[in-house]
Undergrad: 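Dropping a structure here in structure tokens format, bear with me for questions.
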Amino acid sequence: MFPEYDVIVVGAGHAGCEAAAAAANLGSKVLLVTMNMQTIAQMSCNPAMGGIAKGQIVREIDAMGGYSGIVTDLSMIQFRMLNRSKGPAMWSPRAQSDRMLFAAKWREMLENTPNVDFYQDMVKGLLIKDTRVAGVITGLGHEIKSKAVVLTNGTFLNGVIHIGEKNFGGGRVAEKAATGITEQLVSLGFESDRLKTGTPPRIDGRSLDYSKMEEQPGDEEVTGFSYTDTPKLTRQRSCWITYTNSKVHELLKTGFDRSPMFAGRIDGVGPRYCPSIEDKINRFAERDRHQLFIEPEGWDTVEIYVNGFSTSLPEEVQYEAIRSVEGFENVKMFRPGYAIEYDFFPPTQLTYSLETKLIDNLFFAGQINGTTGYEEAACQGLMAGINAHQKAKEKEPLILKRNEAYIGVLIDDLINKGTQEPYRMFTSRAEFRTLLRQDNADLRLTELSYKTGLAKQDRMDKVSEKKASVEEIKSILKQVMIEPSDVNHYLEKINSAKITEKQKAEKILLRPDIELDTLAKQVTTLGVLLQKYTKEQIEQASIQVKYEVYIEKERELVARMSQLESLQIPETFDYKKIPALGNEAREKLLRIKPRTLGQASRISGINPSDVQILMVYMGR
């Protein structure tokens, strides 16, 4: 019934979809197995993509030739570029999505991708030969063979849903949990643990009073996520902001004795940076209110997502409390919020390619690795899909470094430090964030992906054109001399010091309060020379000129740190023979088996003196 596949992807969430698309577009014959064909690429939690650091990840996925950016552009109902008041390293695109359209577009793109087959069934186990995966076993008893397998099980592995004192098995509300895989992997020597996440009630938007809330419209200028020419929004839907209050908090507290979290019925650790509302009012008792974002679920639905009100309290407590929120006095609830607890596998059991250390050709991506968020899952799926293909075809893996991408930071963090709580990406996790901006993901990554075979020729041509145009613009800025009479009236208007003699355009652009497109409107000569370039090319040149000093400092730091990365640690290196190493350092080095001194230095619990000891012994 089934041919042998190059790659089988288990699970069709954000990680699974990107993994299937990447492997197939590289030329692998792929089978995507999902328990429900109707929930491919479902937005299980909030109907949004991007945000702080997450937006950079989506742009990186797109620059590599993944689908998330394109699908987001085709299904968004609102776009905002966050942190515009800060430097470009902090700018982060975020889109509010139409939940149903997002899933439909993903499925459409997958169905139009040659080499992807679909099958609806639960995977209950893996076919293992010696220490190598050879396929999967399904709930219906089919043994489907493949050269590589990518597990992207999300919250489905032994998933348990909690609402107050009620709990029942499930991977998502109204969907059954997946069983069998955890038990098999543990029997093979894998370590597993439990995490939890939560979701807020879904609300009937017709029952809300928006006049009591603060409107949050989208940006006038819609940049979008994809570097391809996706259509831009011409109309947008607003979100709204309201707040909890002391009455809401008191009503929520009446359910604490029946809370699965406080009663100890949930063993898994929840996401620190997206806590439940009961956790927030418990941990931040001094605050008398918390912000709530009222997010529409799509163009043509009245369903509302209450971002900030995630909860697993009893339904009647949720209902009574939310009715006391400003604008929610007559609220109607579509379904209550709930918590979900699920199995994950500490990611220190993986290599940089996301292949497991214990079983060859078996890859993990997404929440199975302890991450939270669509974007974190999608980028792991992309890399696992690429590397599953590479392994199936006996090629070298594609590894992104910390100085090359947020994706590289995320994978490096996971495999070296592991995680005790759902891992979420922040700009602060990246030490080279001036280099890893959302505006230059294509310049950083498209050529790498193109050489691997994923990013296609049209993407590469576009990047080459952008690079050339940016260099031309920078050259123009070095040559054009601006007279005081051309610009002083403008400088006076923005309270910037006048110039007394003519200056290069480049020097004037270095002022923090001046943007290149504005300067070009003031100085006719400059405007004429720049009119053939796109807004994106002009912005990129402007950023490179303005932040050249900072960018150069980070590049120097990268060069210094890469010296440690080039010092390979032999696989046979015996840490037990180094008496100067502490027990914790020795234990972690033996468990993670770093490939380089750079990787060893980033393992949690390894300090600089441990690295120096290793350098001395390796020198011998």
Side-chain angles (χ1 to χ4, degrees), residues 13-14 42-48 51 54 99 153-175 177 193-203 244 248-249 251-253 255-284 290-295 297 303-322 325 333-344 366-368 370-377 419-424:
H14 299 258
Q42 174 126 313
M43 294 182 123
S44 311
C45 203
N46 64 323
K54 291 166 172 277
R99 182 189 298 280
N153 305 77
T155 58
F156 282 78
L157 289 179
N158 293 319
V160 176
I161 289 171
H162 296 267
I163 304 173
E165 293 170 303
K166 302 168 189 171
N167 63 73
F168 45 91
R172 217 166 16 214
V173 76
E175 293 181 61
D193 209 337
R194 299 283 276 174
L195 288 176
K196 87 160 181 85
T197 188
T199 194
R202 302 304 198 274
I203 299 300
T244 62
V248 174
H249 298 181
L251 286 165
L252 288 168
K253 285 175 187 173
F256 277 15
D257 61 329
R258 291 173 287 158
S259 160
M261 186 174 70
F262 297 135
R265 286 190 295 276
I266 295 180
D267 296 325
V269 180
R272 180 189 311 198
Y273 304 103
C274 189
S276 64
I277 189 67
E278 55 265 36
D279 196 14
K280 277 193 272 198
I281 63 175
N282 188 49
R283 277 165 52 191
F284 308 108
H290 292 281
Q291 195 171 47
L292 302 177
F293 293 93
I294 312 309
E295 301 178 347
E297 299 254 355
E303 191 171 348
I304 294 293
Y305 181 92
V306 189
N307 196 337
F309 206 87
S310 174
T311 180
S312 58
L313 289 169
E315 297 143 273
E316 64 276 15
V317 175
Q318 295 184 32
Y319 179 62
E320 285 304 320
I322 206 165
V325 171
M333 213 155 74
F334 281 162
R335 77 160 197 239
Y338 62 89
I340 181 162
E341 196 178 14
Y342 55 94
D343 293 338
F344 86 107
Q367 283 170 294
I368 192 171
T371 58
T372 180
Y374 308 143
E375 305 82 1
E376 289 88 345
T419 187
Q420 265 74 55
E421 60 189 44
Y423 177 101
R424 178 180 176 180

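Sequence positions, counted from 1, serve as the residue numbers for this chain.
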Undergrad: Using atom types as modelled and distance alone, determine if a side-chain donor or acceptor of Gln318 lies under 3.5 Å from a backbone N or O of Gly337.
TA: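 Between the backbone of Gly337 and the side chain of Gln318 there is a qualifying donor-acceptor contact (under 3.5 Å).
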
Undergrad: Keeping Lys253 on the side-chain end and Ile281 on the backbone end, is there a donor-acceptor pair under 3.5 Å?
TA: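 Judged by distance alone, no pair lies under 3.5 Å.
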
Undergrad: Restricting to non-hydrogen atoms, name the atom on Gly373 and the atom on Lys54 that form the minimum distance, rounded to 0.1 Å.
TA: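 Here Gly373 and Lys54 meet closest at CA-NZ, 3.6 Å.
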
Undergrad: A side-chain contact here means heavy atoms from C-beta on lying under 4.5 Å apart; do Leu252 and Glu278 qualify?
TA: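 When only atoms from C-beta onward are counted, Glu278 and Leu252 do not touch, as no gap falls below 4.5 Å.
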
Undergrad: So which atom in Gly198 and which in Ser310 form the shortest heavy-atom distance, rounded to 0.1 Å?
TA: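 Looking at all heavy atoms of both residues, the shortest contact is C-OG, 3.2 Å.
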
Undergrad: Between His162 and Lys196, is any pair of side-chain heavy atoms under 4.5 Å apart?
TA: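 His162 vs Lys196: side chains apart.
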
Undergrad: Look at Arg265 together with Glu341 and state whether they make a salt bridge at an N to O cut-off of under 4.0 Å.
TA: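 The answer is no: the pair does not qualify as a salt bridge.
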
Undergrad: Looking at CD1 of Ile203 and CZ of Phe334, how far apart are the two atoms once the value is rounded to the nearest 0.5 Å?
TA: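 If we round to the nearest 0.5 Å, Ile203:CD1 and Phe334:CZ are 8.5 Å apart.
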
Undergrad: Measure across Pro422 and Val269 and return the closest heavy-atom pair with its distance rounded to 0.1 Å.
TA: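 Heavy atoms only, the tightest pair is CD-O, 3.4 Å.
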
Undergrad: Do Phe262 and Asn282 come within less than 4.5 Å of each other through their side chains, counting heavy atoms only?
TA: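 They are in side-chain contact.
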
Undergrad: Between Thr155 and Gly171 (side chain of the first, backbone of the second, donor and acceptor by atom type, cut-off under 3.5 Å), is there such a pair?
TA: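 It does hold such a pair.
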
Undergrad: Could you label the plane-to-plane angle of the Tyr374 and His14 rings as parallel, tilted or perpendicular, counting under 30° as parallel and over 60° as perpendicular?
TA: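 Correct class here is parallel.
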
Undergrad: Return yes when atom CD of Gln420 has more than 12 non-hydrogen atoms of other residues, nucleotides or ligands closer than 6.0 Å, and no otherwise.
TA: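 No, the 6.0 Å shell around CD holds no more than 12 heavy atoms from other groups.
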
Undergrad: Would you mind reporting whether Phe256 and Met261 have side-chain heavy atoms less than 4.5 Å apart?
TA: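 When only atoms from C-beta onward are counted, Phe256 and Met261 do not touch, as no gap falls below 4.5 Å.
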
Undergrad: Atom CD in Glu375, atom CZ in Arg424: separation rounded to 0.5 Å?
TA: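 Taking CD in Glu375 and CZ in Arg424, the distance rounds to 8.5 Å.
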
Undergrad: Without swapping roles, check the side chain of Thr244 against the backbone of His290 for a donor-acceptor pair under 3.5 Å.
TA: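 Flag set: sc Thr244 to bb His290 pair under 3.5 Å.
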
Undergrad: To the nearest 0.5 Å, tell me how far Asn46 CG sits from Cys274 SG.
TA: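 Rounded to the nearest 0.5 Å, the CG-SG separation comes out at 7.5 Å.
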
Undergrad: Looking at CD1 of Ile163 and CD1 of Ile340, how far apart are the two atoms once the value is rounded to the nearest 0.5 Å?
TA: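 Going from the CD1 atom of Ile163 to the CD1 atom of Ile340 covers 10.5 Å.
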
Undergrad: Does the side chain of Asn167 come within less than 4.5 Å of Ile161's, by heavy atoms?
TA: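 Ile161 does not reach Asn167 side chain to side chain.
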
Undergrad: Between Val306 and Ile294, does the side chain to side chain contact (heavy atoms under 4.5 Å, CB included) criterion hold? Intermediate values first, please.
TA: CA-CA 5 Å; Val306 189; Ile294 312 309; 4.1 Å; yes

Undergrad: To the nearest 0.5 Å, what is the distance between OG1 (Thr311) and CD1 (Ile322)?
TA: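 If I round to the nearest 0.5 Å, the distance is 9.0 Å.
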
Undergrad: Nearest 0.5 Å please: distance from the CD1 atom of Ile277 over to the CG atom of Leu313.
TA: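 Output value for this atom pair is 9.5 Å.
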
Undergrad: Checking Thr371 side chain against Gly366 main chain: does a donor-acceptor pair fall under 3.5 Å?
TA: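 Here the side-chain-to-backbone pair exists.
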
Undergrad: Which atoms form the tightest heavy-atom contact between Ser44 and Thr199, and what is the distance?
TA: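 Scanning both residues completely, I find the closest heavy atoms to be O-OG1, 4.2 Å.
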
Undergrad: Can you name the nearest heavy-atom pair linking Pro275 to Arg283, along with the distance?
TA: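 Heavy atoms only, the tightest pair is CB-NH1, 3.8 Å.
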
Undergrad: Can you tell if the side chain of Thr197 reaches within under 4.5 Å of the side chain of Tyr342, non-hydrogen atoms only?
TA: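 A side-chain contact exists here, since the closest heavy-atom pair is under 4.5 Å.
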
Undergrad: Could you check whether any side-chain heavy atom of Arg194 comes within less than 4.5 Å of a side-chain heavy atom of Asp343, counting everything from C-beta outward?
TA: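 Yes, their side chains come closer than 4.5 Å.
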
Undergrad: Can you find a pair of side-chain heavy atoms, one from Tyr305 and one from Cys45, that are under 4.5 Å apart?
TA: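 Heavy-atom side-chain distance check passes, below 4.5 Å.
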
Undergrad: So, the side chain of Arg202 versus the backbone of Pro200: is there a donor-acceptor pair under 3.5 Å, distance only?
TA: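 Here the side-chain-to-backbone pair exists.
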
Undergrad: Short question: side chain of Tyr338, backbone of Val173 - any donor-acceptor pair under 3.5 Å?
TA: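 It does hold such a pair.
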
Undergrad: Restricting to non-hydrogen atoms, name the atom on Gly270 and the atom on Glu421 that form the minimum distance, rounded to 0.1 Å.
TA: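 Smallest heavy-atom distance, with atoms named: O-CB, 4.0 Å.
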
